[in-house]
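Values below: every heavy atom of this structure, side chains too, minus hydrogens, waters and symmetry copies. Just so you know, ligand 1 is whichever comes first in the structure, and atom 1 is the first atom listed for that ligand.
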Amino acid sequence: MKKYLVIGNPIEHSQSPLIHNYWIKKYRLFDSIYEKRKTENKDLKNIIKELKDEKIAGVNVTVPFKKSIIPYIDELDQTANNTQSVNTLHKVGNKIVGYNTDTLGFLKTVHDYYNFINSELDVDVPSRNFFILGAGGVTPSIVTSLQFLVGRSPGVIWVSNRTKNNANQLKKLFPKIELIEWGERPTIFCDIVVNTTSVGLKNDDKINIDFTDIDKKTLFYDLIYNPKETNFLRDARLRGNKTINGQMMFLAQAKEAFRIWTNITPEIDDEVIKLLNK
Ligand code: ATR
């Protein structure tokens with residue numbers, strides 16, 4: 001039996017088993033199963049041992065272990081190293097390798113979106129600017145994706161976070177980002193505003209930044225997918241801005257993890273989306 005796991009704390013609400021077990025069945029991997037396991041810091045070493053001994057075939061890592069798992073891993077892929085954030089583990093040869101599929105997941109959804117609306121993000125525009133809210137565990141993955149989109153353009157990635165010290169830590173990892181006071185926003189046009197904070201998880205949560213006169217071409221992206229529409233996205237939609245929630249990114253990071261483990265690139269079909277919306 002090949003056992004896959006998602007580890008985190010809390011873990012009860014993880015929807016990863018739903019997705020991966022759906023794909024396991026769809027691609028007829030009848031010897032495989034995907035489970036969740038509530039984990040403590042002291043268990044991390046043993047998880048890596050179980051991977052080494054092939055008692056586990058692959059692991060997804062979620063909050064709060066994406067960084068703290070790193071000392072136990074033999075090798076990091078480039079993105080995991082750049083972001084110091086690991087969400088997928090796999091044994092390659094005799095080594096346990098840590099990957100970050102959040103970055104690619106986010107990037108893919110942004111590409112799909114701009115292809116879908118047939119916009120100019122795919123051609124050379126003089127400058128692309130982005131505005132990120134938050135400096136938490138997932139933010140380095142988003143900065144890495146957006147740095148790729150900025151490319152060689154003179155565009156800027158602005159970051160605003162409630163706690164200055166956490167924003168400063170992020171700037172140490174990504175010196176090119178520009179910090180901005182919490183509550184303020186850049187005055188130049190931003191292609192995308194991304195919420196990476198946990199504000200919005202509770203229905204009455206609100207981000208106190210005034211976006212009323214923002215350009216209608218700005219896309220509002222919230223990494224939260226439950227609730228499906230946070231106040232941040234609802235206000236944007238009512239202003240006439242386009243919005244995306246975190247569901248597609250969640251599926252896209254899972255797709256890439258499944259590919260790493262099985263060499264099968266699973267399809268994000270209507271069925272799997274329906275499963276998440278139940
Ligand atoms: P993680 O484990 O990923 O770091 P987190 O602690 O919930 O998750 O925080 C994620 C982000 O949400 C952080 O940027 C955090 O801001 P701080 O650095 O100031 O803690 C942000 N966040 C959480 N609650 C917030 C709130 N009420 N207002 C503004 N930002 C908030």
Side-chain angles (χ1 to χ4, degrees), residues 6-16 36 38-41 43-44 59-71 79-80 82-88 98-103 105-106 130-147 157-174 177-186 190 192-211 220-227 229-236 244-247 249-250 253-254 257:
V6 55
I7 61 165
N9 197 345
I11 200 65
E12 304 82 59
H13 297 105
S14 171
Q15 290 185 309
S16 292
K36 48 187 153 192
K38 188 172 169 188
T39 304
E40 311 287 339
N41 261 313
D43 306 323
L44 296 180
V59 175
N60 275 143
V61 183
T62 187
V63 178
F65 301 120
K66 288 185 181 186
K67 190 178 168 75
S68 51
I69 191 83
I70 290 178
T79 316
N82 288 346
T83 55
Q84 288 295 295
S85 170
V86 165
N87 76 331
T88 303
Y99 303 83
N100 174 324
T101 71
D102 289 328
T103 296
F106 179 79
F130 302 100
F131 181 30
I132 299 175
L133 308 178
V138 71
T139 315
S141 305
I142 305 306
V143 175
T144 304
S145 303
L146 294 179
Q147 276 187 333
I157 297 170
W158 304 87
V159 177
S160 181
N161 191 59
R162 178 184 60 176
T163 308
K164 255 198 184 147
N165 192 36
N166 294 340
N168 290 336
Q169 293 301 323
L170 188 71
K171 191 160 166 81
K172 273 194 198 145
L173 207 53
F174 302 100
I177 62 171
E178 297 278 348
L179 301 184
I180 187 164
E181 289 286 322
W182 182 244
E184 316 246 303
R185 67 173 171 90
C190 289
I192 310 176
V193 180
V194 190
N195 176 35
T196 74
T197 75
S198 46
V199 184
L201 284 174
K202 287 186 234 115
N203 278 320
D204 53 352
D205 274 353
K206 227 170 161 58
I207 292 171
N208 285 323
I209 300 176
D210 184 5
F211 288 113
F220 280 72
Y221 196 137
D222 200 324
L223 300 194
I224 295 172
Y225 57 88
N226 188 13
E229 191 179 57
T230 56
N231 284 326
F232 172 73
L233 291 191
R234 193 187 63 110
D235 292 349
I244 303 186
N245 73 17
Q247 189 178 66
M249 175 181 166
F250 182 60
Q253 63 74 28

A.B. asks: Tell me the closest heavy-atom pair linking V199 and I224, and the distance in Å.
C.D. replies: O-CD1, 3.6 Å
A.B. asks: Taking only heavy atoms of G134, which atoms of ligand 1 are found under 4.0 Å from at least one of them?
C.D. replies: 14 (O)
A.B. asks: Quick test: of every protein heavy atom, which one is nearest to atom 9 (O) of ligand 1, and how far off is it to 0.1 Å?
C.D. replies: S198 OG, 4.2 Å
A.B. asks: Does only the side chain of T163 get under 4.0 Å from ligand 1, or the backbone, or both, or neither? Count heavy atoms.
C.D. replies: both
A.B. asks: N161 versus L170: any side-chain heavy-atom pair under 4.5 Å?
C.D. replies: no
A.B. asks: Indicate the atoms forming the closest heavy-atom contact of Y221 with M249, along with that distance.
C.D. replies: OH-CB, 3.5 Å
A.B. asks: N/O of N166 under 3.5 Å from N/O of ligand 1, yes or no?
C.D. replies: yes
A.B. asks: Considering L223, N195, N161 one by one, which has a heavy atom nearer to atom 14 (O) of ligand 1 than any of the others?
C.D. replies: N161
A.B. asks: Just jot down the ligand 1 atoms closer than 4.0 angstrom to any heavy atom of A135, in number order.
C.D. replies: 14 (O)
A.B. asks: T197 heavy atoms, cut-off 4.0 Å: which ligand 1 atoms fall inside?
C.D. replies: 11 (C), 12 (O), 21 (C)
A.B. asks: Specify the protein heavy atom at minimum distance from atom 27 (N) of ligand 1: its residue, its atom name, and the distance to 0.1 Å.
C.D. replies: R162 NH1, 3.3 Å
A.B. asks: Return the minimal non-hydrogen interatomic distance between N166 and A135, and the atom names on each side.
C.D. replies: O-CB, 3.8 Å
A.B. asks: When you compare the side chain of W182 with that of L133, does any pair of heavy atoms fall below 4.5 Å?
C.D. replies: yes
A.B. asks: In the protein, what heavy atom is nearest to atom 10 (C) of ligand 1, and what distance, to one decimal place, separates them?
C.D. replies: G136 CA, 3.9 Å
A.B. asks: Any idea which heavy atoms bring G98 and A80 closest together, and the distance?
C.D. replies: O-CB, 3.6 Å
A.B. asks: Just need the protein heavy atom nearest to atom 2 (O) of ligand 1, so name the residue and atom and give the distance.
C.D. replies: V63 CG1, 4.0 Å
A.B. asks: Using a strict 4.0 Å cut-off to heavy atoms of W182, name the atoms of ligand 1 that fall inside it.
C.D. replies: 29 (C)
A.B. asks: For atom 6 (O) of ligand 1, is there a protein heavy atom at a distance under 4.0 Å?
C.D. replies: no
A.B. asks: With respect to atom 4 (O) of ligand 1, which of G200, S160, G137, S85 exhibits the smallest heavy-atom separation?
C.D. replies: G137
A.B. asks: A side-chain contact here means heavy atoms from C-beta on lying under 4.5 Å apart; do T62 and S14 qualify?
C.D. replies: no
A.B. asks: Can you give me the closest heavy-atom contact between K36 and I11, atom names plus distance?
C.D. replies: CD-O, 3.4 Å
A.B. asks: Checking N9 side chain against T39 main chain: does a donor-acceptor pair fall under 3.5 Å?
C.D. replies: yes
